[in-house]
Each structure stands twice: as structure tokens, then as C-alpha cells.
Amino acid sequence: MSPAPTFTSAFLQTLQARGYVHQISHPEELDQAAAAGVVSAYIGFDATASSLHVGNLVSVMLLRRLQQAGGKPIVLMGGGTTKVGDPSGKDATRQLLTADQIDANIDSIKQVFGKFLTFGDGPTDAVMVNNDAWLSRFGYIEFLRDYGVHFTVNRMLTFDSVKTRLEREQPLTFIEFNYMLMQAVDFLELSRRHGCALQMGGSDQWGNIINGVDLIRRVDQRPAFAVTTPLITTASGAKMGKTAAGAVWLNADRLSPYDYWQFWRNTEDADVGKFLRLFTDLPLDEIAVLEALEGAGINEAKKVLANEATALLHGRDEAERAAEAARRAFEDGAVSGDLPSIDIPAAALAAGVPLAVLAVDAGLAPSRSEARRLAQGGGLRVNDKQEPDAQRLITAADIGEGGMIKLAAGKKKIVLVKIVGP
């Protein structure tokens with residue numbers, strides 16, 4: 001294994017020290033460019049949902065690191081590419097969305113970037129663009145003549161996004177096969193329109209990004225570079241951000257600040273240092289001290305991770321509220337209005353609602369069968385008392401402090417059931 005290169009630019013030094021680097025094209029040339037002046041770089045985000053999730057966060061942090069080092073971030077919203085669907089990392093064709101759905105998703109997604117980046121007209125201020133501005137204006141014949149000639153099917157078949165799908169004998173539609181051409185053209189357009197010299201993304205995007213690098217260097221004879229991050233997994237091998245309850249969304253209307261805080265608080269011990277480097281702005285020397293803690297001390301490091309990561313996304317006040325709500329719930333056993341909650345009609349309690357149903361509705365279990373297993377293992381509690389029978393009916397008799405019912409799964413997940421209606 002060859003030794004890691006020694007970089008002179010603050011940008012690549014930071015990426016290397018904090019664990020963001022998987023592959024870099026033309027590393028010496030990129031390092032010189034980053035050390036010499038402002039480098040513009042982009043990452044694309046397709047609008048397949050109304051919110052990004054924590055799996056996208058390493059890309060957002062990459063743009064933040066670029067701006068902190070004096071570079072210019074470009075956030076590319078995939079209004080055009082979302083109409084096609086990226087096959088990378090997928091075994092099945094994505095559901096195609098309408099133009100109205102895509103526009104609504106972009107409006108919802110874009111609010112997150114202002115939490116991590118400074119936008120404006122300055123030389124290092126971030127800008128946001130939409131690739132629908134150029135992709136939707138191409139005629140099919142024009143696109144093929146201008147760009148298709150620069151790509152060979154032989155090479156496209158070697159890229160992981162295509163090869164993996166074919167090896168698994170999963171269908172790959174022709175529209176998806178075109179995605180990598182569209183992404184390469186995005187890079188070329190941003191190079192021409194905004195002087196963009198670098199595309200960044202996850203390791204599964206390497207082939208797509210290199211296509212753009214080659215296209216720019218061949219067609220315009222301009223410098224272009226690629227940087228990809230490693231696949232972020234947990235110490236147990238799980239994909240970052242995948243939980244039993246579903247995706248860890250970045251928009252507060254999809255996931256509360258409290259639940260976001262709890263996600264980071266529940267980090268595996270072995271991941272604390274890695275996640276502090278990737279997802280917080282704490283100095284590396286402070287992270288080294290926190291990472292070295294053992295026993296009960298590692299829980300304090302997890303709280304720091306939760307506080308810092310939540311503050312970046314939701315603000316310091318929300319992070320402190322979440323931390324205090326967790327402290328009161330777990331250390332004092334108190335009910336806090338900052339805990340996540342669900343509403344249930346008072347009329348439903350008259351007949352009674354099975355605990356398993358409430359547990360699923362509250363996001364404490366992904367299914368009723370899982371709720372039953374959780375209860376049988378002693379992991380479900382009602383008003384701080386273990387309830388082994390998930391079929392037990394929850395009624396008005398269970399209403400406790402504050403006129404609510406407190407449900408808990410394990411030691412760290414608490415949801416309040418609020419009673420509404422007469």
C-alpha cells in the first residue's frame with residue numbers, strides 16, 4: 001500500500017486529516033490549484049424526496065470544508081437529472097417524479113444548505129444552481145452529436161453503477177444508462193458558467209465524476225478534478241443513517257431536533273471519533289481527547305457529538321433543548337414538552353388501543369411484530385413501567401403526568417402520546 005500523499009493546501013490537508021478522502025484524481029495538480037487561489041467545486045443533489053437525510057451529510061460537510069478553506073462551493077440541485085434517476089448504488093429503477101413534485105422537493109431541500117454554507121456574491125460565497133436550466137433545453141439529436149461521441153459503451157459498462165446492476169441481473173433502463181452522460185455535461189456546464197474545476201461526491205460516483213473530468217479536459221482543455229469520500233458505515237458495518245425507524249432526515253418537519261440529537265447520542269462507541277471528525281467543527285486535538293475516553297466517559301463524548309452535530313443543523317438553542325430534554329427524561333424521569341410526540345383522539349382511548357399499534361405509530365418499532373418482540377424482551381415501557389404484553393390495551397387509565405402517556409423503547413427512545421379532542 002502506497003503512503004498517503006503530503007498536501008500543502010489547507011483544503012486537502014483538512015480532508016485528509018478528517019477522513020473525507022477515498023480517491024482523488026490528479027492530486028498534485030489539485031493541491032497546487034487549491035494552494036494558489038480560490039477553487040470552485042460542486043456536489044449534485046437530486047430531489048428524490050422532500051428532505052435530504054444524514055447519509056447526504058458528508059457531502060454537505062465537504063462543501064463546508066471547502067468554504068472554510070477559502071474555496072467556493074456550488075450546490076447543484078438536480079432538477080434535470082432527477083427526471084432520469086441515478087442508478088448508482090441501486091438495484092431497482094427509481095420511481096420517476098413529475099416536474100411539480102421535483103420543484104416542491106427542491107424548495108423543501110434547499111433550506112438546509114444555509115445552515116452549513118454562507119451564500120452571497122463574494123468570491124468564496126456559495127451559489128445554488130439547477131441543472132434543469134441546461135439539461136431540459138437540449139434536443140435529443142443535439143445532445144447525442146455534441147456529447148455522445150465522447151463516450152464509449154465499452155467504458156460505461158465498466159463503471160460500478162452499471163456493472164453491479166448487470167451482475168445482479170437487475171434491469172437497467174436506457175434512461176438510467178444516460179445518467180452518467182448528463183452528469184458529465186453538468187460538470188462541463190458548471191466549468192463554463194462558474195469556473196468550476198472540481199466535482200466531489202461519494203465513492204459510488206467515481207465513474208460518473210471521472211467522465212466529467214475527462215470531458216472537460218478533452219473538449220475545453222481546462223483543468224478538472226475529482227474527489228470522492230469513502231462509504232460511511234458504522235463500526236458494526238451498517239450503512240450510515242439507516243435505522244429501524246427509517247431514514248434520519250435533515251429537515252425538522254421530517255425529524256425533530258430531539259430525535260436528530262438522539263441519533264447521534266446513540267452512536268456506537270467505536271464511531272465517536274470518526275463522526276466527530278466528519279460531522280462537527282471541533283478541533284482535531286479536542287476530538288483526540290474525546291476519542292480516548294473509556295467506560296462512562298465515552299457517553300460524555302457521545303453527548304458532545306450530539307450537541308455539536310445538532311447545533312450545526314438546527315442551531316445551538318435547539319441542541320441544548322434536546323440535550324436537556326434527554327437529561328430530564330433519562331436521568332430524572334421527567335416529562336418534557338421538547339420530547340417527540342404523537343396525537344391520539346380521546347375517543348380512541350375509550351375503546352383502547354393495543355400497545356403494539358401505538359409503538360409503531362410513535363416510531364418506536366417498525367412493525368407490530370417487532371413491537372411484540374421488543375415488549376417480550378422487556379424493552380417497551382408505559383409511563384416508565386415495563387410492559388411485556390404488546391397486545392395490552394392502552395386506555396384513559398394510562399394517562400399520566402401532564403395529561404399524556406409516556407412510551408419508551410429501550411433506554412433512549414421516548415415518545416409522548418398527547419390526547420386530543422373531547
According to salt bridge (charged side-chain N to carboxylate O under 4.0 Å, His left out), does anything in [range] pair up with another residue at least two apart or in another chain? List the pairs.
range: residues 284-295; result: Arg277-Glu291
range: residues 60-75; result: Arg64-Asp281, Arg65-Asp281
range: residues 108-136; result: Lys83-Asp132, Asp107-Lys110
range: residues 212-224; result: Glu29-Arg217, Arg155-Asp214, Arg192-Asp220

Partners of Ala311 by side-chain contact (heavy atoms from CB on, under 4.5 Å), sequence neighbours excluded?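 Partners of Ala311 under the side-chain contact (heavy atoms from CB on, under 4.5 Å) test: Arg316, Ala319.
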More than 12 heavy atoms from other groups under 6.0 Å of CD on Gln111: yes
Within the 4.5 Å heavy-atom criterion, are [X] and [Y] side-chain neighbours or not?
X: Val112; Y: Phe45; value: no
X: Met182; Y: Asn131; value: no
X: His150; Y: Leu181; value: no
X: Tyr42; Y: Val129; value: no
X: Phe113; Y: Leu52; value: yes
X: Val248; Y: His53; value: no
X: Tyr260; Y: Leu250; value: yes
X: Phe279; Y: Leu312; value: no

Could you list the residues that satisfy ring-ring contact (aromatic ring centres under 6.0 Å, His included) with Phe225, not counting sequence neighbours?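 Per chain and number, Phe225 pairs via ring-ring contact (aromatic ring centres under 6.0 Å, His included) with no residue.
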Backbone N or O of [Y] within a donor-acceptor pair of the [X] side chain at under 3.5 Å?
X: Asn130; Y: Leu76; result: no
X: Gln23; Y: Thr228; result: no
X: Gln67; Y: Pro73; result: no
X: Asn266; Y: Gln262; result: yes
X: Asn211; Y: Ala184; result: no
X: Gln16; Y: Val21; result: no
X: Ser50; Y: Ser108; result: no

Which pair of non-hydrogen atoms, one from [X] and one from [Y], has the smallest distance, and what is that distance?
X: Thr310; Y: Trp261; result: OG1-CA, 3.4 Å
X: Thr48; Y: Asn105; result: C-ND2, 3.7 Å
X: Ser9; Y: Ala35; result: CB-N, 3.6 Å
X: Pro223; Y: Ile216; result: O-CG2, 4.5 Å
X: Thr229; Y: His22; result: C-CB, 3.4 Å
X: Ile298; Y: Leu293; result: CD1-O, 3.7 Å

Check salt bridge (charged side-chain N to carboxylate O under 4.0 Å, His left out) between [X] and all other residues, then give those that pass, not counting sequence neighbours.
X: Asp361; result: none
X: Arg368; result: none
X: Arg254; result: none
X: Lys274; result: Asp271

Roughly how far apart are [X] [atom1] and [Y] [atom2], rounded to 0.5 Å?
X: Phe275; Y: Leu278; atom1: CZ; atom2: CG; answer: 7.5 Å
X: Leu198; Y: Ser25; atom1: CG; atom2: OG; answer: 8.0 Å
X: Thr267; Y: Lys303; atom1: OG1; atom2: NZ; answer: 14.0 Å
X: Leu62; Y: Tyr20; atom1: CG; atom2: OH; answer: 6.5 Å
X: Glu268; Y: Lys302; atom1: CD; atom2: NZ; answer: 8.0 Å
X: Leu290; Y: Leu282; atom1: CG; atom2: CG; answer: 7.0 Å

With a 4.0 Å cut-off, would you call Arg321 and Glu318 a salt bridge? yes
With no hydrogens and no angle check, do the side chains of [X] and [Y] hold a donor and an acceptor under 3.5 Å apart?
X: Gln205; Y: Gln199; result: no
X: Asp186; Y: Trp134; result: yes
X: Gln68; Y: Thr14; result: no

If the condition is side chain to side chain donor-acceptor pair (under 3.5 Å), which residues does Arg18 pass it with, not counting sequence neighbours? none
Using the side chain to side chain contact (heavy atoms under 4.5 Å, CB included) rule, take Val219 and Tyr147 through it: C-alpha gap first, then chi angles, then the decisive distance, then the call. CA-CA 10 Å; Val219 173; Tyr147 303 111; 5.9 Å; no
Enumerate the residue pairs fulfilling ring pair (Phe, Tyr, Trp, His ring centres under 6.0 Å) with a member in residues 199-223, sequence neighbours excluded, ordered by first and then second residue.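 Qualifying pairs: none.
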